[in-house]
Amino acid sequence: MVEVSFAAGGVPAKGGLVVLVGHGGELSEAAARIDRAGGGLLSRMLAAEPGGARHGRYLHLPFPAGTELDGVLALVAGKAEGLSALDIE
């Protein structure tokens, strides 16, 4: 059984994590924590993304350095203005 939980800005000790990235690669609080732990790898991956960090794109970072996580999925949500709960789902 898959266990899913939601926490604003929190980073679990283990398991998987989904983080949001804003327009132009702006990192959410949780994404920034993962980026710092991994020496900026998430930021570098987003910068290398063809066409940039655009709404609807995602990046998978398996076994991120500096953590015990199995993986991180970074979802690019675009600009926060006008973003609804349905868009996030």
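Residues: numbered from 1 along the sequence shown.
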For [X] and [Y], work out which heavy atoms get closest and say how close.
| X | Y | value |
| --- | --- | --- |
| Asp70 | Pro64 | C-CD, 4.5 Å |
| Pro12 | Gly16 | CG-O, 4.1 Å |
| Val19 | Ser28 | CB-OG, 4.1 Å |

### Task
May I ask you to check whether over 12 heavy atoms, not counting those of Glu49, lie within 6.0 Å of atom CD?
yes
### Query
Of all residues at least two apart in sequence or in a different chain, which pass the side chain to side chain contact (heavy atoms under 4.5 Å, CB included) check with Tyr58?
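Counting only residues at least two positions away or on another chain, Tyr58 forms a side chain to side chain contact (heavy atoms under 4.5 Å, CB included) with Leu73, Leu75.
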### Task
Not counting sequence neighbours, which residues clear side chain to side chain contact (heavy atoms under 4.5 Å, CB included) with Ala37? List them please.
Thr67
Which pairs of donor and acceptor atoms, one on a side chain in residues 39-47, lie under 3.5 Å apart (sequence neighbours left out)?
from	atom 1	to	atom 2	distance (Å)
Ser43	OG	Asp35	OD1	3.4
Ser43	OG	Asp35	OD2	2.7
Arg44	NH1	Gly39	O	2.7
Arg44	NH1	Gly40	O	3.4

### Query
Applying the side-chain contact (heavy atoms from CB on, under 4.5 Å) test to Val72, which of Leu59, Val11, Ile34, Val18 qualifies?
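Option passing the side-chain contact (heavy atoms from CB on, under 4.5 Å) with Val72: Ile34.
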